[in-house]
Amino acid sequence: MRAFSYERAASPAEAAARAAEVPGAKFIAGGTNLLDLMKHEIETPLHLIDVRGTGLNAITATEEGGLRVGAMVSNSTLAADPRVREAYGVLSRALVAGASGQLRNKATTGGNLLQRTRCPYFYDTAMPCNKRSPGAGCAALGKGATTRQLGVIGTSDACIATHPSDMAVALQALDARVETITPEGETRSLTLDAFYQLPGDTPEVENVLAKGEMITGVVLPAPMEGRHAYLKVRDRSSYAFALVSVALIHAPDGTGRVALGGVAPRPWRRDAADAALPQGAAAVMAELLDGARPTEENAYKLTLAERTLAALLAEE
């Protein structure tokens, strides 16, 4: 790990202003992803700004009947909140499916959204990776590459990595919005589709945050009635990232929302797929995975996604 300087910020505005002012600065909260990347020298910040003391650790009701979740709220706290468990069950289930209890105690809402891919070639500094070193090439697209865990849709010729967050998949199904503050003190509210960028020719740019811009919270809209479910298919029963995950909100009238994890560079959802839900899992996946570009090794994910949704629907 390379040497770095450190400070604590007392407010979101102070943190954002300092991050824009100091060269090589990055925010740190729980550190569950950033510290690992620093140890591998994949991330080499010159300065760390600790944002745990910025007052963003509350879950409060909104005037619209939803909840505002501060960026510093831990994954464990969010999953256990009675309001979340009762009205946003898909989110609570997704959070509990992620990582381990110890990591959930440290990981924050904002940090979860910003965690980097777990592509093995991204973590192997001996291999080329456009996300880690722009223009270096993508080892995952080379001959003989292992792609079983990588993306099938939303990918590009520069990168086929997937976003690892379980929480973000549930937030996508819930129509949640990400709130931020800029170094100038301005605020933004973004859908997850607007927040995350697909790789295209610039896979190193994963989201639309400007230099110094900081996530301050996530807003959950008024809850949608119906059954909330989250099913994560993985190689082992705990502490493993999704091969495919499905977040489902199914209303009594048959309508609902479906979002996928483990298949794309961001949590994946399409309005046309939601509209097809009354027709069953095959119709949903025909819309949701239209345009998929799987490799020979990960084409199984197309079938697995449909069967995972079908399994959830069969439980009703």
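From a predicted model like this one, the values you see are computed outputs, not experimental measurements. No hydrogens, no waters, no symmetry mates; every other heavy atom, side chains included, goes into these values.
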Can you check whether Leu150's main-chain N or O pairs, donor with acceptor, with Asn298's side chain at less than 3.5 Å?
-> yes
Glu297-Thr295 side chain donor-acceptor pair, cut-off 3.5 Å = no
Which pairs, with at least one residue in residues 84-114 and sequence neighbours excluded, count as a ring pair (Phe, Tyr, Trp, His ring centres under 6.0 Å)?
-> none
Only counting residues at least two apart or in another chain, list the ones meeting side-chain hydrogen bond (donor to acceptor under 3.5 Å, both in side chains) with Ser92.
-> none
Report the hydrophobic cluster partners of Val22, with the cluster defined as I, L, V, M, F, W, Y residues connected by side-chain heavy atoms closer than 4.5 angstrom, directly or transitively.
-> none
From Arg257 CZ over to His228 NE2, what is the distance, rounded to the nearest 0.5 angstrom?
-> 8.5 Å
ILVMFWY cluster membership beyond Leu231 - transitive side-chain contacts under 4.5 angstrom = Val152, Ile153, Leu198, Val233, Leu243, Val244, Val246, Leu248, Val258, Leu260, Val263, Trp268, Leu277, Val284, Met285, Leu288, Leu289, Tyr300, Leu302, Leu304, Leu309, Leu312, Leu313
Hydrophobic cluster (4.5 angstrom, side-chain heavy atoms) - remaining members for Met127 | Tyr121
Tell me yes or no: between the side chains of Asp253 and Thr255, is some donor less than 3.5 Å from an acceptor?
-> yes
For residues 142-176, which residue pairs qualify under ring pair (Phe, Tyr, Trp, His ring centres under 6.0 Å), counting only residues two or more places apart or in two chains?
-> His163-Tyr196
Just jot down the ring-ring contact (aromatic ring centres under 6.0 Å, His included) partners of His47, sequence neighbours excluded, or say none.
-> none
With sequence neighbours left out, write down each residue that passes side-chain hydrogen bond (donor to acceptor under 3.5 Å, both in side chains) with Thr32, or none if nothing qualifies.
-> none
Partner of Val73 under side chain to side chain contact (heavy atoms under 4.5 Å, CB included), chosen from Thr108, Leu78, Asp81 | Leu78
What pairs of donor and acceptor atoms, side-chain ones from residues 204-219 against any protein atom, are under 3.5 angstrom apart with sequence neighbours left out?
{"unit_1": "Glu206", "atom_1": "OE1", "unit_2": "Arg116", "atom_2": "NE", "d": "3.0"}
{"unit_1": "Glu206", "atom_1": "OE2", "unit_2": "Arg116", "atom_2": "NE", "d": "2.8"}
{"unit_1": "Glu206", "atom_1": "OE2", "unit_2": "Arg116", "atom_2": "NH2", "d": "3.2"}
{"unit_1": "Glu206", "atom_1": "OE2", "unit_2": "Lys131", "atom_2": "NZ", "d": "3.2"}
{"unit_1": "Asn207", "atom_1": "OD1", "unit_2": "Leu209", "atom_2": "N", "d": "3.0"}
{"unit_1": "Glu213", "atom_1": "OE1", "unit_2": "Arg188", "atom_2": "NH2", "d": "2.8"}
{"unit_1": "Glu213", "atom_1": "OE1", "unit_2": "Ala210", "atom_2": "N", "d": "2.9"}
{"unit_1": "Glu213", "atom_1": "OE2", "unit_2": "Thr180", "atom_2": "OG1", "d": "2.5"}
{"unit_1": "Glu213", "atom_1": "OE2", "unit_2": "Arg188", "atom_2": "NE", "d": "2.8"}
{"unit_1": "Glu213", "atom_1": "OE2", "unit_2": "Arg188", "atom_2": "NH2", "d": "3.2"}
{"unit_1": "Thr216", "atom_1": "OG1", "unit_2": "Glu179", "atom_2": "O", "d": "3.3"}

Other than Val96, what residues sit in its cluster of Ile, Leu, Val, Met, Phe, Trp and Tyr side chains whose heavy atoms are under 4.5 Å apart, directly or through others?
-> none
Mind jotting down which residue pairs meet the salt bridge (Lys or Arg N to Asp or Glu O under 4.0 Å) criterion with at least one end in residues 133-142? Sequence neighbours excluded, please.
-> none
Are Met1 and Ile28 connected in a single hydrophobic cluster, I mean Ile/Leu/Val/Met/Phe/Trp/Tyr linked by side-chain heavy atoms less than 4.5 Å apart?
-> yes
Between Lys232 and Ala97, is there a donor-acceptor pair closer than 3.5 Å when you use the side chain of the first and the backbone of the second?
-> yes
State whether the side chain of Arg270 and the backbone N or O of Glu287 hold a donor-acceptor pair below 3.5 Å, judged by distance alone.
-> yes
Can you list every ring pair (Phe, Tyr, Trp, His ring centres under 6.0 Å) pair that touches residues 49-81, not counting sequence neighbours?
-> none
So, Asn112 versus Ser165: side-chain donor-acceptor pair below 3.5 Å or not?
-> yes
Are Ser76 and Asn105 linked by a side-chain donor-acceptor pair shorter than 3.5 Å?
-> yes
Working to the nearest 0.5 Å, report the span between CZ of Arg18 and CD1 of Ile49.
-> 6.5 Å
Would you check if the side chain of Arg269 reaches a backbone N or O of Gln172 as a donor-acceptor pair within less than 3.5 Å?
-> yes
